[in-house]
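I have placed the structure first, in the form of structure tokens, so that the comments after it can refer back to it.
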Amino acid sequence: MPAKVPLQDVDAKYLKIISEFAIDMLSLSGVDEILWHLAKNVVSQLGFDDVVVYLLDPERNILMQKATFGAKNPCGHEILSPIELKLGEGVVGTVAKTKQPLIVADTRLFPNYIVDDAPRLSELAVPILMDGEVIGVIDTEHPKKNFYTSQHERILFALASITALKIHKANNLVTLQKRVAALEFASKIQDTLFAIAEIIFETDSIKAFYHKLHVCIARLIRADNFYVALLSEDGRRLRFPYHVDQYDELYDDAEISVSPSLLGLASYVLLKNRPLLADETQLEEMVNQGDIVINGVMPKTWLGVPFGDEAFRGILVVQSYHGSHSYGETDKQLMVFAAKHIGNAISRMNFKAHLTEIALYDFLTKLPNRTLFIDRLNQAIGKLTLRVGDSSACSGLGLVLLDIDHFKAVNDAYGHHMGDELLREFAQRLDKAKGKDDTLSRLGGDQFGLLLVGIGSEEECRQRIEGLHQQMLEVLNLGGISITLSVSLGLVCCFSGTVSAADLMRRGDQALFRAKLMGRQRLCVFASGEQAELQEEQICQEFRQAASQGGLYLSFQPQYRLKDGGIMGAEVLLRWEHPKLGVISPRRLLAPLRRQGELELIDAVVAKLVLAHLKQYRGAYPEGFRLSVNIAGDGSALFEELETLAGQGELASLLGIEIPESSLATAYDQVGPCIARARALGVLVSLDDVGASHSTFNYLQQYRLDRLKIAQGLVSPMEMAYDNQFILETLISLASSLNIETLALGIETRAQYRVMQALGCDYGQGEFMNPCVDEDNLLLMLTESHLYR
């Protein structure tokens, strides 16, 4: 509050001046307006020869002249040769320092007197106080000595108090207005950023996405003429995915070459990598200096803001062709603030489009994947349905499932890199040999699917496949290594639209399984009815027999911390040495066991083997070490075994379960209870093969997961693929934000190891660190060396 002033002895004429000033203050708002009114229209009425009003700059602790009357005010609101004073300097500085009014009867006798514009004999200065603190000083001088009286002091002090109160209110109003403006600005920005984020999820069309992005930009600034340009990876071309301009027209996704000697405005800004706000005069000067060329109509103002990084760069541009509207620094700040978020939105939209592509095609062979293959199969069945009753149409379809025999031996002998190369070459050879209307798909691993359409009979289908089979068996030359393939095939023909795609796939799987049982490298046609069921029952019976007679064993895939290469766990893998089929992974048995209603058998066998192992060797494992077990069913077999054992808490702390990503969709009702039961026991929960489907992102916040195991399909080809690294970076960042660990599957090279390490992935497993080992070798590794080889 301003200081109180005794006015009992003040003359009426002076009281009138004070009261009128107080009334005048009601209509004044700005601080400058208040001070100039005080100096020129109020203090001047007191008969003073010279008046200067000072304000304190609190940051610099300096008194600055802000308003004057007399010789220092030649005209208007001009101050002649303004000076600044320190606290304690001169009469004004002394008053500010002591916070007390000061009358100097004869300035010649005052040692601290400072001559400003001209020397005078009398001086009166009073502080402007608010809450006991100086905010300024009113200073007046007169050529006569002993001019100022105590009444002058009281009057001036009263005016200073009114001024202090008004300045305080004015400053509060300015502060409030700034806060309101800042809140409105923040709200505007926030609403726009939310809108930008939303359009990614609500828009599938790239064209619609850019149109909505334009609408978002228009919420921030005027954007009648707006375009987005993206720089190619090699920096040689500029593509315009969106362009709206009242004079210059470009077709969708138009491209122009980037020439260093003839840079357009967008190319120039991207090269400099900093925003540019320029008016017509500045643009003409840049043209004259040879910095840029103007392609099209010269704008009155042009604003361009770059976004992105070395891997993905672009620019947002707005321009005006009319003097009635121009862009300023505020617009530039808005665009700069929004550009990063818009760049992320564009990148994510492109990523979304890429996800749609990778959701339908196999990353390694570029063939349709299982999802697209099933869709094509359903379409082919639908066409058979439409032909019902058409006597002229007798064509049907043939479904072939085929496996490369002994593929694991190739991986073991030459490494997974050579195995991938074999799959690529095999796919290319078969894709070239098939009919133009047929569909070849990689269904997973070394299994492929072939859909033959327009067949007239089963015999015709067999002949076509036999021809393809001969080409499959030709020797492959892979980097100087010659490999002769052996391929097993299962065929099912269909001439009626009444069968489902799932039934056809099941029958093809049974035919393929029979080809394997009969010694491989042959074609088997689906045998309907009891014969097929008998074959499936036979293999399941053999598996049960092997389980009861100890014919199953465990193999271990070591897992390592990527930051230091130390071993931290192992994946437990069940193996079966079949007398005819060789080593069989349980994955090949999942479908038959599921159909026979005995899927839990695999879980029960693994539970008994791994818990027996832990009871014997738990003391050999260091703290934090986990053995991860794949769950085929709902995990009950493992949990029940744990709960019946004494000291199960100690064993549970060494265990983890791996739930297949596919279970999120196919066994949704089992996943939640399985995770809850595992966490109650203290068993670590991992989601396996993450990235095989982008639907995983929808489930990460729904389930309490400890770890994500990133699919080998994302890791293997990533050394050269920016898209894969982008997906990995997004997945790892999302997992980290949810406090979920990440483990990369199938690391086969040092380069892959280092990239995953750089991306922040926590753990990894693969041939580069160590192949699968038996029980003895795993324990030996823990005692001899904790680091990968």
Side-chain angles (χ1 to χ4, degrees), residues 2-3 5-6 9-10 14 17 31-32 34-75 77-130 132-164 167:
V5 184
D9 301 328
V10 176
Y14 294 138
I17 293 173
V31 173
D32 287 343
I34 294 167
L35 297 182
W36 279 103
H37 182 76
L38 171 67
K40 298 183 71 170
N41 302 324
V42 179
V43 180
S44 60
Q45 297 181 49
L46 300 176
F48 299 162
D49 184 63
D50 174 84
V51 176
V52 179
V53 183
Y54 292 81
L55 277 188
L56 179 68
D57 180 351
E59 293 183 1
R60 299 166 56 213
N61 224 21
I62 293 294
L63 293 157
M64 301 179 297
Q65 295 180 340
K66 289 295 185 179
T68 65
F69 166 74
K72 284 186 72 68
N73 178 223
C75 63
H77 287 177
E78 182 182 350
I79 300 176
L80 190 65
S81 302
I83 64 171
E84 296 180 346
L85 298 174
K86 300 176 182 177
L87 295 183
E89 187 176 7
V91 175
V92 172
T94 300
V95 169
K97 187 174 183 179
T98 62
K99 304 178 185 179
Q100 297 293 326
L102 177 61
I103 296 176
V104 180
D106 189 342
T107 57
R108 292 171 297 181
L109 303 178
F110 189 79
N112 207 13
Y113 177 69
I114 295 176
V115 178
D116 187 358
D117 58 317
R120 296 178 180 85
L121 295 180
S122 296
E123 186 168 1
L124 166 62
V126 298
I128 304 174
L129 299 173
M130 175 54 62
E133 298 298 324
V134 173
I135 63 172
V137 174
I138 302 175
D139 180 56
T140 176
E141 295 184 271
H142 199 276
K144 295 180 181 180
K145 67 178 182 178
N146 293 317
F147 175 76
Y148 297 103
T149 65
S150 58
Q151 183 168 246
H152 288 143
E153 177 188 315
R154 288 194 292 275
I155 294 166
L156 206 59
F157 200 62
L159 294 172
S161 298
I162 297 171
T163 301
I167 288 175

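What you see is a predicted model, and the numbers here were worked out from it, not measured in a lab.
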Show every ring-ring contact (aromatic ring centres under 6.0 Å, His included) that has at least one partner inside residues 39-63, sequence neighbours left out.
F48-Y148, F48-H152
Rounded at 0.5 Å granularity, tell me how far CG in L55 sits from CG in L35.
5.0 Å
Nearest-0.5 Å distance, CG of residue D139 to CG of residue L102:
9.5 Å
May I ask you to test the V52-V92 pair for a side-chain heavy-atom distance under 4.5 Å?
no
First locate atom CG of D117, then atom OG1 of T68, and finally report the distance between them rounded to the nearest 0.5 Å.
9.0 Å
What pairs with L56 under side chain to side chain contact (heavy atoms under 4.5 Å, CB included), at least two apart in sequence or on another chain?
N61, L63, L87
By side chain to side chain donor-acceptor pair (under 3.5 Å), E123 pairs with (sequence neighbours left out) none
Treating D50 as the side-chain partner and P143 as the backbone partner, does any N or O pair qualify as donor plus acceptor under 3.5 Å?
no
Flag side-chain contact, heavy atom, 4.5 Å: V53 against I128
yes
Roughly how far, to the nearest 0.5 Å, is the CD atom of E153 from the CD1 atom of I103?
4.5 Å
After noting the C-alpha distance and the side-chain angles of F147 and T140, does the key distance pass the side-chain contact (heavy atoms from CB on, under 4.5 Å) rule?
CA-CA 11 Å; F147 175 76; T140 176; over 6 Å; no
Would you please name every residue forming a ring pair (Phe, Tyr, Trp, His ring centres under 6.0 Å) with H37, sequence neighbours left out?
none
Give, for atom CD1 of I135 and atom CD1 of I167, the distance between the pair rounded to the nearest 0.5 Å.
4.5 Å
Count the heavy atoms of every other residue, nucleotide or ligand shown that sit under 6.0 Å from NZ of K145, and state whether that count exceeds 12.
no
When you look at H142 and L121, which way does the side-chain contact (heavy atoms from CB on, under 4.5 Å) test go after all the steps?
CA-CA 6 Å; H142 199 276; L121 295 180; over 6 Å; no
For residues 98-109, the side-chain hydrogen bond (donor to acceptor under 3.5 Å, both in side chains) pairs (sequence neighbours left out) are D106-R108
Audit row: V126, V137, side-chain contact (heavy atoms from CB on, under 4.5 Å) steps and yes/no
CA-CA 6 Å; V126 298; V137 174; over 6 Å; no
Report yes if some heavy atom in the side chain of V91 is under 4.5 Å from a heavy atom in the side chain of F110; otherwise report no.
yes
Under 3.5 Å, side chain of S122 to main-chain N/O of E141, donor-acceptor pair present?
no
Contacts of K72 that satisfy salt bridge (Lys or Arg N to Asp or Glu O under 4.0 Å) - sequence neighbours left out
D116
Rounded to the nearest 0.5 Å, what's the gap from CD on Q65 to OG on S81? Could you check?
9.0 Å
